Amino acid sequence: MPPITIQPTDALIVVDVQNDFCPGGALAVPDGDAVVAPINALAPRFAHIIVTQDWHPAGHISFASTHSRQPFDLHLETRQILWPDHCVAHSEGAALHASLSIPDAKHTIRKGRQPHVDSYSALVENDGVTSTGLAARLHADGIRRVFIAGLAYDFCVAATARDARTAGFEVFVIEDACRAVNLNESVAQTNAHFAAEKITRILAAEIL
C-alpha cells in the first residue's frame, strides 16, 4: 500500500509496554522489549497519543493463582485464559518500560482494575459492556484514525483494534511495533479477524 501521512485527526495507541510483558517479566512476551525503539521513533509524528497499562489488584480474576490453577489453564466460567500474576497495581512489573519515551501522551488508560472483570481492550472491558471511556475521548478530540502498537499483538492489541473498529475508527495495526504471545495459534486467528473486520496491518516504514 502507499505510504500513510499522519494527520492531526490521527491517534497512536501504545498498548501495555510494561515490565511484566518484557523479557524477565512475570508474563514476558517473546522479544517484547523490541517494540520500544519503533514506538519511540513513531511517537513524535502524532499529536494524539494514548498509553495503556494493565493495572490489576492482587487476586485478580485473570490470575491462575486466584483459582488455584496453573497459568494458561482455561477458566471454565469466563472461558478466559488464566495468566501468571502480572501487572499488579503500583508494582515494578506494572511500570512502563524504562526506555519508552512518550512525554506528550494525552491520556493514560489503566485497565483491568476491577477484581472480577478483565480488560484486554483499551476501549471495552472483557464483559463486553463496560467502557473505559477512551472511545468517547477520541471522538471528542476529533480522531478519525487510530494506529496501534505494543503488547501483545494477539491479545490486548487485537482487542483494542477490534473495539476501535466497532467504535467507528479506521484502524491500523503497526505489526513491527508489536510482539505476540502466539498461544494456540492466536496470531493466525488475530490476522483472520483483522482481515474480516477491515483492520489494516502495516509496517512502521509505511508511515510518513
Side-chain angles (χ1 to χ4, degrees), residues 1-17 21 29 34-54 100-112 119-182 186-208:
M1 65 181 299
I4 299 169
T5 301
I6 296 304
Q7 305 293 332
T9 52
D10 294 335
L12 175 66
I13 302 178
V14 178
V15 177
D16 298 357
V17 185
F21 296 131
V29 177
V35 306
V36 172
I39 290 172
N40 286 350
L42 286 167
R45 305 180 199 179
F46 288 84
H48 296 267
I49 304 175
I50 297 88
V51 173
T52 81
Q53 291 173 274
D54 258 11
L100 188 69
S101 180
I102 308 180
D104 297 323
K106 294 282 187 182
H107 308 293
T108 297
I109 299 293
R110 287 178 167 170
K111 54 195 181 65
S119 184
Y120 291 168
S121 168
L123 284 80
V124 181
E125 297 188 2
N126 285 12
D127 60 5
V129 176
T130 305
S131 171
T132 67
L134 178 57
R137 291 183 187 183
L138 293 174
H139 283 303
D141 286 340
I143 299 303
R144 297 177 183 173
R145 303 190 301 187
V146 297
F147 294 74
I148 304 173
L151 304 170
Y153 175 79
D154 41 345
F155 285 91
C156 294
V157 168
T160 298
R162 297 177 71 188
D163 284 342
R165 189 75 186 96
T166 299
F169 301 101
E170 187 175 0
V171 180
F172 298 85
V173 174
I174 309 166
E175 287 192 280
D176 53 343
C178 299
R179 290 297 184 275
V181 176
N182 201 19
S186 51
V187 168
Q189 294 169 13
T190 294
N191 290 343
H193 286 307
F194 285 173
E197 297 171 27
K198 295 182 171 59
I199 293 167
T200 304
R201 295 153 52 196
I202 61 171
L203 299 177
E206 296 177 74
I207 302 173
L208 296 180

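Predicted model, so just to flag it, every value in this text is computed and none were measured.
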Is the closest side-chain heavy-atom distance between [X] and [Y] below 4.5 Å?
{"X": "Cys178", "Y": "Val173", "result": "yes"}
{"X": "Ile50", "Y": "Leu138", "result": "yes"}
{"X": "Leu100", "Y": "Asn40", "result": "yes"}
{"X": "Lys106", "Y": "Phe46", "result": "no"}
{"X": "Glu206", "Y": "Thr200", "result": "no"}
{"X": "Leu42", "Y": "Phe147", "result": "no"}
{"X": "Lys111", "Y": "Asp54", "result": "yes"}
{"X": "Ile39", "Y": "Ile174", "result": "no"}

task = Identify whether the distance between the nearest side-chain nitrogen and carboxylate oxygen of Asp10 and Arg144 falls below 4.0 Å.
result =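 Arg144 and Asp10: not salt-bridged.
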
query = What distance do Glu197 atom CD and Arg162 atom CZ have between them, rounded to the nearest 0.5 Å?
reply =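 Between Glu197 CD and Arg162 CZ, I get 4.0 Å after rounding to 0.5 Å.
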
Heavy-atom pair of closest approach, residues [X] and [Y]:
{"X": "Val15", "Y": "Thr160", "value": "CG2-OG1, 4.2 Å"}
{"X": "Asn126", "Y": "Ser121", "value": "OD1-N, 4.5 Å"}
{"X": "Ala161", "Y": "Phe194", "value": "CB-CE2, 3.9 Å"}
{"X": "Leu123", "Y": "Ala167", "value": "CD2-CB, 4.2 Å"}
{"X": "Val124", "Y": "Ser119", "value": "O-OG, 4.0 Å"}
{"X": "Arg45", "Y": "Ala204", "value": "NH1-O, 4.4 Å"}

request  = Could you walk me through whether Tyr120 and Asp16 pass the side-chain hydrogen bond (donor to acceptor under 3.5 Å, both in side chains) test, one step at a time?
outcome  = CA-CA 10 Å; Tyr120 291 168; Asp16 298 357; over 6 Å; no

